[in-house]
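In what follows, chains carry the letters A, B, and so on, assigned in the order in which the sequence lines appear, proteins first and then strands, with residues in each chain numbered from 1. All of these numbers come straight from a predicted model, not from anything done at the bench.
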There are 2 protein chains.
Amino acid sequence: MNYYTISQLAEQFDISTRTIRYYEERGLISPIRTESGQRLYTKKDRAVLKLILRGKRFGFSLEEIHEMISLFDNDRTGRKQLEKTIAYGEQKLKEVTERIEDLMQLKQEMEAILADFRERLQKLEGVE
Amino acid sequence: MNYYTISQLAEQFDISTRTIRYYEERGLISPIRTESGQRLYTKKDRAVLKLILRGKRFGFSLEEIHEMISLFDNDRTGRKQLEKTIAYGEQKLKEVTERIEDLMQLKQEMEAILADFRERLQKLEGVE
DNA sequence: GTTGACTTTTACGTAAACGTAAACTAAAAT
DNA sequence: ATTTTAGTTTACGTTTACGTAAAAGTCAAC
């Protein structure tokens, strides 16, 4: 298998190494170590990092992202655990759905405003 | 016309008065004042506040939201101004569109994971 | 085998977005 | 008329999410 160093990942995602170490401090990512203590990241670690950054773009806090990651990550075997996980997941899914609807409304409003501006510009050009 | 007090707005949106004053500090909202210096908010101010909070939910910084507000707010009359505004608006619209697509992908992934969990639960219940 | 790039931990610094407390004034209620 | 209640400014405090610098160890290249 193949590993990434911290600076490789940092470059790939255009973030600092400090940022990656900070995510580790907060328990969001857990790379293995070489004998001498250097961090090594697997493809899976990379995927987690990608997930973190996407969550951030959506305005989720690291705390929320942490919750979501443990949702996907932990193999919850017990029935109660599964039910809890599903309930939590359904709630998060609902939140995401609401956000999408909200954003689509914003999009429509922006399009309307833009249409208005374009019309104004047309009139100005007509006069000229 | 009808005005809102700061605490009325705070209650309506479930935020603190400090938060509203902070948005004013940052130039995002500009209520009128009574003779004695108390803030009064119009329907339009309320709409702006709503916009701010929506922007925040989407993960935009107050700085970005400030920009967007002045975009919608200022009556830009000159041709150059109009063109600039339209260009900026189109860019923001693109960002929003991308975000929607991104979120929809996240939604699908979450749905897949949830389906998997539900299947596991089914199997457990079948055994029981 | 030493220079230079990279990594580690520790620790203090910082910007954004408010929270909170003090000291005071105005409005509303009793 | 005088308590509450709500509002104001000023200013320091706090959390999140890192930035930055120091001191020391390690890896890669020449």
Side-chain angles (χ1 to χ4, degrees), chain A residues 1-42 45-46 48-70 92 95 99, chain B residues 1-42 45-46 48-70 92 95 99:
Chain A
M1 209 194 236
N2 222 347
Y3 294 108
Y4 303 101
T5 70
I6 192 164
S7 56
Q8 280 171 350
L9 276 193
E11 196 187 345
Q12 285 176 35
F13 291 109
D14 196 30
I15 56 180
S16 73
T17 58
R18 174 68 176 98
T19 297
I20 299 178
R21 289 197 193 93
Y22 180 68
Y23 295 160
E24 184 178 347
E25 268 182 53
R26 300 293 309 272
L28 290 161
I29 194 169
S30 305
I32 58 166
R33 302 286 187 127
T34 68
E35 245 180 75
S36 64
Q38 290 203 358
R39 294 170 172 84
L40 288 182
Y41 298 86
T42 65
D45 290 325
R46 206 192 106 105
V48 169
L49 184 53
K50 203 170 179 178
L51 223 153
I52 296 170
L53 297 176
R54 190 167 57 183
K56 289 228 63 196
R57 281 205 309 283
F58 299 150
F60 290 112
S61 72
L62 290 183
E63 190 55 36
E64 288 175 289
I65 296 171
H66 185 107
E67 276 180 356
M68 296 170 93
I69 286 177
S70 27
K92 281 291 160 191
E95 281 178 38
R99 249 182 221 208
Chain B
M1 208 196 235
N2 220 349
Y3 293 108
Y4 302 100
T5 70
I6 193 165
S7 56
Q8 280 171 349
L9 277 192
E11 196 186 347
Q12 286 176 34
F13 290 108
D14 196 31
I15 56 180
S16 72
T17 58
R18 174 68 175 97
T19 296
I20 300 178
R21 290 198 194 94
Y22 180 68
Y23 294 159
E24 184 177 347
E25 268 181 51
R26 300 292 309 271
L28 291 161
I29 194 169
S30 306
I32 58 165
R33 303 283 188 130
T34 68
E35 245 180 76
S36 64
Q38 290 202 357
R39 293 169 173 85
L40 288 182
Y41 298 86
T42 65
D45 290 326
R46 205 192 106 105
V48 169
L49 185 52
K50 203 170 178 178
L51 223 153
I52 296 171
L53 296 176
R54 191 165 58 182
K56 289 229 64 194
R57 281 205 309 283
F58 300 149
F60 291 112
S61 71
L62 290 182
E63 190 55 35
E64 287 175 290
I65 297 171
H66 186 106
E67 275 180 358
M68 295 169 93
I69 286 177
S70 27
K92 281 292 160 189
E95 280 178 40
R99 247 180 223 210

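Relative to the six-membered ring of Phe60(B), Arg99(B) meets both conditions, a distance below 6.0 Å and an angle of at most 45° to the axis.
Side-chain N/O atoms of Arg18(A) and base N/O atoms of dT20(D) include a donor-acceptor pair closer than 3.5 Å.
The CD-P distance, from Glu25(A) to dC12(C), rounds to 14 Å in whole Å. Atom-to-atom, CG of Leu28(A) to C1' of dA17(D) comes out at 11 Å; the value is rounded to the nearest Å. In this structure, Phe13(A) places its CZ atom 19 Å from P of dA17(D), rounding to the nearest Å. Put simply, CD1 on Ile6(B) is 19 Å from P on dT5(D), counting in whole angstrom units. Look at OH on Tyr22(B): it is 22 Å from P on dG7(D), rounded to the nearest Å. A straight line from OH of Tyr4(B) to C1' of dA6(D) spans 19 Å, rounded to a whole angstrom. Straight-line distance from the CD1 atom of Ile29(B) to the C1' atom of dA17(C): 16 Å, rounded to whole Å. Computed from coordinates, the Ile52(B) CD1 to dA17(C) P distance equals 11 Å when rounded to whole Å.
Electrostatic pairing of Arg21(A) and Glu24(A) does not count as a salt bridge here, judged by no charged N lying under 4.0 Å from a carboxylate O.
Pairing each heavy atom of Ile52(A) with each of Ile65(A), the nearest pair is O-CD1, 3.5 Å.
For the pair Ser16(B) and dG19(C), the criterion of a side-chain N or O lying under 4.0 Å from OP1 or OP2 is met. Put simply, Arg39(B) has no side-chain N or O that comes within less than 4.0 Å of OP1 or OP2 on dA26(C). Distances shorter than 4.0 Å separate some side-chain N or O of Tyr23(B) from OP1 or OP2 on dC18(C). Note on Ser36(A): every side-chain N or O is 4.0 Å or more away from OP1 and OP2 of dG25(D). Considering only side-chain N and O atoms, Lys56(B) lies under 4.0 angstrom from the phosphate OP1 or OP2 of dC18(C). Dashed line: the shortest gap from a side-chain N or O of Arg33(B) to OP1 or OP2 of dT9(D) is under 4.0 Å. For Ser7(A), a side-chain nitrogen or oxygen approaches OP1 or OP2 of dT7(C) to under 4.0 Å.
Residue-level contact check: Thr5(A) touches the backbone only, with heavy atoms under 4.0 Å from sugar-phosphate atoms and none from bases. Within 4.0 Å (heavy atoms only), Arg21(A) reaches at least one base atom of the nucleic acid.
Ranked by how close their nearest DNA chain C nucleotide is to the 5' end, Arg26(B) and Tyr41(A) are led by Tyr41(A). Nearer to the 5' terminus of DNA chain D, by closest-nucleotide assignment, is the contact made by Thr19(A) (compared with the other of Thr19(A) and Gln38(A)).
Arg18(A) and Tyr22(A) share no donor-acceptor pair across their side chains, judged by distance under 3.5 Å alone.
The local environment of CD in Glu11(A) is sparse, with at most 12 non-hydrogen atoms from other residues, nucleotides or ligands closer than 6.0 Å.
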